[in-house]
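In what follows, chains are A, B, ... by sequence order, proteins preceding strands, each numbered from 1. These values consider heavy atoms only, across backbone and side chains, with no hydrogens, waters or symmetry-generated copies. Since the structure is predicted, the reported quantities are computational estimates derived from the model, not experimental observations.
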Number of protein chains: 2
Amino acid sequence: MKPAFSLPTDTSFGNSNSMAISVLIVDDHYMVVEGIHSLLQNEEQIEWVGHANNAASCLALLQSRVPDVLLMDISLPDASGIDLCKQVKQLYPAVFVLALTTFSQLNYVDQMMAAGASGYLLKNVSARELTEALQKVVSGKIVFSDEVAKAMHVQAANRGVVITRREKEVLALIANGQTNQEIATMLYVSVSTVETHRKNLLQKLQAKNTAALVKLAMDQKLI
Amino acid sequence: MKPAFSLPTDTSFGNSNSMAISVLIVDDHYMVVEGIHSLLQNEEQIEWVGHANNAASCLALLQSRVPDVLLMDISLPDASGIDLCKQVKQLYPAVFVLALTTFSQLNYVDQMMAAGASGYLLKNVSARELTEALQKVVSGKIVFSDEVAKAMHVQAANRGVVITRREKEVLALIANGQTNQEIATMLYVSVSTVETHRKNLLQKLQAKNTAALVKLAMDQKLI
DNA sequence: CTTAAATTCCCAATAAAAAGGGATTTTAAT
DNA sequence: ATTAAAATCCCTTTTTATTGGGAATTTAAG
């Protein structure tokens, strides 16, 4: 089985205190940007490159200046952090992406790491934690804030359910109250097909029936 | 170990004019507190009283100093903002509570307002918006940031559904995958009764079937 | 004490979902 | 070209949910 992410082999960056770590932040919450900015303001090893509040302006900014670390919110107005992370890592492999998130978005940890992120921090991180995380990240390490690590463990049982594109479509329609017949009509397939998808969904999510299916799916942000 | 709360070290009231609005913030996200602080730092009409990062320390702080406005996150580690708001309004009716929230927590607007809050702002508010909101609030007005107002309108159709205690129990069991027969056994009532509750739930939430019921209920945080 | 809301119970017919097989065609990756 | 995964389709039986009526008891609030 493939790991959801892999450690970078490049560990050539030493922990040189002479070279400041340049940081760019992407987040659409003005307060978060301000908060991080003020957290890092007094850190001499950190160089504040700037901020973008969406994926597009982030990519634009990167064209003129590539920072060591990109602090990235996973929910952005014009793209998912996951997609942006993939794109950035493809265009600028040297950038370390550090995901910034809230407690409610822990379900995306795997996808974010698979997209090439170097770690995952909760937004209520302290100045010390953040600085340490930045230093670890630029030396090639993977970092998770304690709460993330803990939450990942707790959620381990229910995570990693993979449903297909079609199943997701069917799932959404089920949750919307459509019957198999209606879904079949909407998707231009037979009722049998919809029944099969439903059967597979129940099996994949280990749900006893539709009600449980919808609840579990929503818990796991599949809807 | 971080202190649970802090008072401003700067106690020189020299430059603050007599009509300054005193503000206390309760939020467990360090960044949000920092963000707000830096937003309000340069506003002369605003006096920063301090911050608490949980409900308990907020109540403790209020014993020594009651601000004009209490900026409050609705999700706190040791209590819900809704409960804290109720408590505060009962103990200190003169305080205006202004809820601070993220887009994903709009479902609580009603409950927060019912608890006595004076308004609801998204955390990505700008300095200008925030200052204006604070001024309106102390004059007794109710304020919503534009996005909240918009979202409320969108959600208007599905908001304000009141279900009974028993219905809520049944709902939870339904979402858990139990059948009517199972629920009946668990609650020591007849299947007919469960069927009736289910019927009423479908009707109250305007759901076509169980799937839609569970989704709508979860959207409205009824589960 | 009244009254409204909540909770409880019943029946019967119909519609839909769940379970249990199985099978074929597309699609995408190596 | 091969192969595994995804998507499609079919059938039958059993179990549940949904609908559409009623009606009798508790509870809680004024």
Side-chain angles (χ1 to χ4, degrees), chain A residues 1-6 83 86 90 110-111 114-116 160-218 220 222-223, chain B residues 110 114 160-218 220 222-223:
Chain A
M1 61 193 109
K2 259 188 295 189
F5 57 86
S6 62
D83 291 335
K86 278 184 199 158
Q90 191 168 17
D110 280 348
Q111 289 173 71
V161 174
V162 179
I163 63 171
T164 68
R165 198 188 295 105
R166 202 54 156 174
E167 283 164 355
K168 195 168 186 173
E169 285 186 89
V170 172
L171 179 56
L173 293 170
I174 288 173
N176 207 40
Q178 261 72 53
T179 66
N180 288 339
Q181 178 54 66
E182 289 167 342
I183 296 171
T185 304
M186 293 170 97
L187 298 182
Y188 302 106
V189 295
S190 80
V191 176
S192 310
T193 302
V194 181
E195 277 171 349
T196 302
H197 287 312
R198 191 190 274 262
K199 219 183 295 183
N200 292 333
L201 282 166
L202 287 171
Q203 203 258 311
K204 281 188 180 180
L205 296 225
Q206 295 282 296
K208 270 186 63 178
N209 53 32
T210 304
L213 174 68
V214 173
K215 178 170 188 299
L216 291 169
M218 289 193 79
Q220 291 173 58
L222 261 29
I223 298 176
Chain B
D110 279 349
V161 174
V162 179
I163 64 172
T164 68
R165 197 189 294 107
R166 200 55 156 176
E167 284 164 354
K168 197 169 186 174
E169 282 186 90
V170 172
L171 178 56
L173 292 169
I174 288 172
N176 207 40
Q178 261 72 52
T179 65
N180 288 338
Q181 178 55 65
E182 289 167 341
I183 296 171
T185 304
M186 296 171 95
L187 298 183
Y188 303 106
V189 296
S190 81
V191 175
S192 308
T193 302
V194 181
E195 277 172 349
T196 301
H197 287 313
R198 192 189 273 263
K199 219 185 295 183
N200 291 334
L201 282 165
L202 288 171
Q203 203 258 310
K204 281 188 179 179
L205 296 226
Q206 295 282 298
K208 270 187 64 178
N209 54 31
T210 304
L213 174 67
V214 173
K215 177 166 190 298
L216 292 170
M218 290 194 79
Q220 292 172 61
L222 260 29
I223 298 177

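- Atom NE2 of B:H197 is separated from atom P of C:dC10 by 13 Å (rounded to the nearest Å).
- Counting to the nearest Å, the P atom of C:dA18 and the CD atom of A:Q206 are 15 Å from each other.
- In this structure, CD1 of A:I163 is placed 14 Å from C1' of D:dA7, rounded to the nearest angstrom.
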Please list, for nucleotides 16-20 of chain D, all pairs of protein and nucleotide N/O atoms separated by less than 3.5 Å.
unit_1 : atom_1 : unit_2 : atom_2 : d
D:dA17 : OP1    : B:R198 : NH2    : 3.3
D:dA17 : OP2    : B:N180 : N      : 3.1
D:dA17 : OP2    : B:N180 : ND2    : 3.4
D:dA17 : O3'    : B:T210 : OG1    : 3.4
D:dT18 : OP1    : B:T210 : N      : 2.6
D:dT18 : OP1    : B:T210 : OG1    : 2.8
D:dT18 : OP2    : B:R198 : NH1    : 3.1
D:dT18 : OP2    : B:T210 : OG1    : 2.9
D:dG20 : N7     : B:K199 : NZ     : 3.4
D:dG20 : O6     : B:K199 : NZ     : 3.4

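- Here the P atom of nucleotide C:dA16 and the CD1 atom of A:I174 are 14 Å apart, to the nearest Å.
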As a quick check of understanding, evaluate side-chain contact (heavy atoms from CB on, under 4.5 Å) for B:V194 and B:L173, giving each step before the final call. CA-CA 11 Å; B:V194 181; B:L173 292 169; over 6 Å; no

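- When the C1' atom of D:dA7 is taken as reference, atom CD1 of A:I183 falls 15 Å away, rounded to whole Å.
- With respect to A:L205, the side chain to side chain contact (heavy atoms under 4.5 Å, CB included) criterion is satisfied by exactly one of A:L171, A:V214, A:L216, A:N200: A:L216.
- Distance, A:R166 CZ to C:dT27 P: 11 Å, rounded to whole Å.
- Here B:S190 lies in heavy-atom contact (under 4.0 Å) with sugar-phosphate atoms only.
- The CG atom of B:L213 lies 13.5 Å from the NZ atom of A:K215; values are rounded to the nearest 0.5 Å.
- The separation between A:N200 atom CG and D:dT8 atom C1' is 11 Å, rounded to whole Å.
- Between the side chain of A:T196 and the base of D:dC9, a donor-acceptor pair under 3.5 Å is found.
- Computed from coordinates, the A:Y188 OH to C:dT25 P distance equals 24 Å when rounded to whole Å.
- Side-chain atoms of B:N180 do not come within 3.5 Å of backbone N or O of B:I183 as any donor-acceptor pair.
- Remark: A:Q181 CD to A:E195 CD distance equals 10.0 Å, nearest 0.5 Å.
- Defined by atom type and a distance below 3.5 Å, a donor-acceptor pair is present between the side-chain atoms of B:T193 and B:S190.
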